[in-house]
Enquirer: 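First the structure, which I've put down as structure tokens, then a few questions once you've had a look.
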Amino acid sequence: MYLSSVLLLPLPPCYHGNVVISEVPAVATLKKEPKTFAFDHCFWSMEDSNVKFANQEIVFNCLGKDILERAFEGYNACILAYGQTGSGKSYSMMGTNEQKGIIPRLCDALFDQIKEKEANDLGFKVEVSYMEIYNEKVRDLLDPKGRHNLRVREHNILGPYVDDLSTLAVSAFQDINTLMSEGNKSRTVAATNMNSESSRSHAVFSIIVTQTLSDLQTGVS
Ligand SMILES: Nc1ncnc2c1ncn2[C@@H]1O[C@H](COP(=O)(O)OP(=O)(O)OP(=O)(O)O)[C@@H](O)[C@H]1O
């Protein structure tokens with residue numbers, strides 16, 4: 001089961017929002033009929049003294065909790081952060097030490113649930129991978145020597161995958177945090193007019209959770 005893939009996509013400055021589920025185009029063309037877009041949540045995070053203020057916990061409860069439940073049921077799940085430079089994609093996904101974002105909260109909840117569910121006959125394995133796509137080149141962010149470009153290939157059953165991408169086993173969020181911090185150091189970052197530390201690449205962080213149910217009598221997994 002693929003728990004979650006996270007994409008952080010920087011865009012040219014024409015969109016705005018904290019966590020964007022769906023966007024209405026800013027300028028409707030005269031020739032075409034206006035289109036209607038549906039969305040489930042809209043968050044407002046301008047002043048924390050305001051009752052409408054959506055903090056990181058509210059965002060996680062709305063977006064992260066269900067994803068985790070579905071993942072334990074065996075479904076693949078994906079969160080995609082999409083928006084203008086400086087609109088808060090990295091902040092919403094990673095956050096800060098004081099204001100943790102969706103990824104650390106999701107990982108904390110993942111390991112808490114694993115602790116609760118683990119039993120003699122039920123085991124879990126958690127592995128992560130982290131890559132960036134920049135100028136159509138794919139790089140492994142968890143391989144310190146991985147400056148070379150990786151190839152995207154097509155598996156006849158599983159679909160597209162990145163050949164040779166490292167997947168590392170982890171047992172606590174701290175492990176993931178350390179790996180991500182190392183990976184972030186190698187990300188392509190540059191200043192934009194709206195963000196002095198703008199991530200210029202697309203980043204994909206994946207968590208692969210494998211559940212193993214053993215038949216204790218026969219010893220078969
Ligand atoms: N909801 C928020 N509350 C407080 N600070 C925020 C919030 N959203 C974004 N910020 C701050 O705004 C700045 C830009 O945010 P961030 O780096 O997450 O943008 P981004 O969308 O990832 O930009 P880029 O595409 O350029 O990498 C950061 O300093 C971040 O801490």
Side-chain angles (χ1 to χ4, degrees), residues 4-27 37 39-68 77-109 128-142 146-147 149 162 173 176-207:
S4 129
S5 304
V6 177
L7 283 176
L8 302 177
L9 305 183
L11 283 178
C14 55
Y15 293 84
H16 184 71
N18 181 358
V19 174
V20 179
I21 312 295
S22 177
E23 276 281 356
V24 181
V27 183
F37 293 82
F39 60 90
D40 295 316
H41 307 281
C42 181
F43 301 107
W44 186 88
S45 308
M46 300 303 282
E47 283 163 38
D48 55 6
S49 54
N50 193 302
V51 283
K52 290 187 205 152
F53 182 79
N55 60 19
Q56 298 278 49
E57 189 182 356
I58 292 175
V59 174
F60 172 72
N61 288 342
C62 290
L63 301 178
K65 275 194 168 170
D66 282 354
I67 290 256
L68 195 58
C78 174
I79 300 179
L80 190 138
Y82 178 82
Q84 176 190 335
T85 178
S87 59
K89 299 180 293 294
S90 302
Y91 181 85
S92 303
M93 296 311 304
M94 276 312 290
T96 61
N97 283 342
E98 298 74 40
Q99 297 290 328
K100 288 188 199 170
I102 293 175
I103 292 176
R105 284 171 196 269
L106 196 121
C107 295
D108 281 345
V128 296
S129 67
Y130 194 24
M131 64 173 155
E132 83 166 355
I133 306 165
Y134 184 61
N135 279 345
E136 298 186 12
K137 291 184 177 130
V138 181
R139 277 183 44 226
D140 190 340
L141 291 174
L142 295 185
R147 300 301 305 181
N149 300 320
V162 177
F173 172 65
I176 294 181
N177 204 21
T178 311
L179 290 173
M180 279 196 99
S181 308
E182 284 307 305
N184 285 339
K185 283 183 199 158
S186 6
R187 276 197 72 188
T188 307
V189 171
T192 63
N193 286 344
M194 297 182 70
N195 189 356
S196 59
E197 273 202 53
S198 175
S199 327
R200 292 292 74 212
S201 62
H202 305 322
V204 183
F205 185 73
S206 303
I207 307 174

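Just so you know, ligand 1 is whichever comes first in the structure, and atom 1 is the first atom listed for that ligand.
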Enquirer: Counting C-beta onward and ignoring hydrogens, is there a side-chain heavy-atom pair between V138 and E132 closer than 4.5 Å?
Expert: no
Enquirer: Could you tell me, atom by atom, which parts of ligand 1 come under 4.0 Å of a heavy atom of S45?
Expert: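 By the 4.0 Å cutoff, the relevant atoms are 1 (N).
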Enquirer: Provide the number and element of each atom of ligand 1 under 4.0 Å from a heavy atom of S87.
Expert: 19 (O), 21 (O)
Enquirer: Going by the order shown, which atoms of ligand 1 are within less than 4.0 Å of some heavy atom of K89?
Expert: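 Near K89, meaning under 4.0 Å from one of its heavy atoms, ligand 1 has 18 (O), 19 (O), 20 (P), 21 (O), 22 (O), 23 (O), 24 (P), 25 (O).
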Enquirer: Using a 4.5 Å cut-off on heavy atoms from C-beta on, say whether the side chain of K65 contacts that of F60.
Expert: yes
Enquirer: Minimum distance, heavy atoms only, to atom 10 (N) of ligand 1: which one of W44, Y91, Y82, F53 is it?
Expert: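 Minimum heavy-atom distance to atom 10 (N) of ligand 1 goes to Y91.
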Enquirer: Would a 4.5 Å heavy-atom cut-off, applied to side chains only, mark C62 and F43 as touching?
Expert: yes
Enquirer: Report, in ascending order of atom number, the atoms of ligand 1 lying under 4.0 Å from any heavy atom of Q84.
Expert: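 Those of ligand 1 that fall under 4.0 Å from Q84 are 21 (O).
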Enquirer: Between I103 and F205, does a side-chain contact (heavy atoms from CB on, under 4.5 Å) hold up when you go through it step by step?
Expert: CA-CA 9 Å; I103 292 176; F205 185 73; 4.3 Å; yes
Enquirer: Any donor and acceptor pair, going by atom type alone, linking the side chain of N135 with main-chain N or O of K137 inside 3.5 Å?
Expert: no
Enquirer: Using a plain distance cutoff, I'd like to know if G83 has any nitrogen or oxygen under 3.5 Å from a nitrogen or oxygen of ligand 1.
Expert: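 Between G83 and ligand 1, no N or O pair is found under 3.5 Å apart.
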Enquirer: What is the distance from atom CG of N97 to atom CG of N177, rounded to the nearest 0.5 Å?
Expert: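 It is 7.5 Å, given to the nearest 0.5 Å.
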Enquirer: Using distance alone, determine whether S90 and ligand 1 share an N or O pair under 3.5 Å.
Expert: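 Such a contact does occur with ligand 1.
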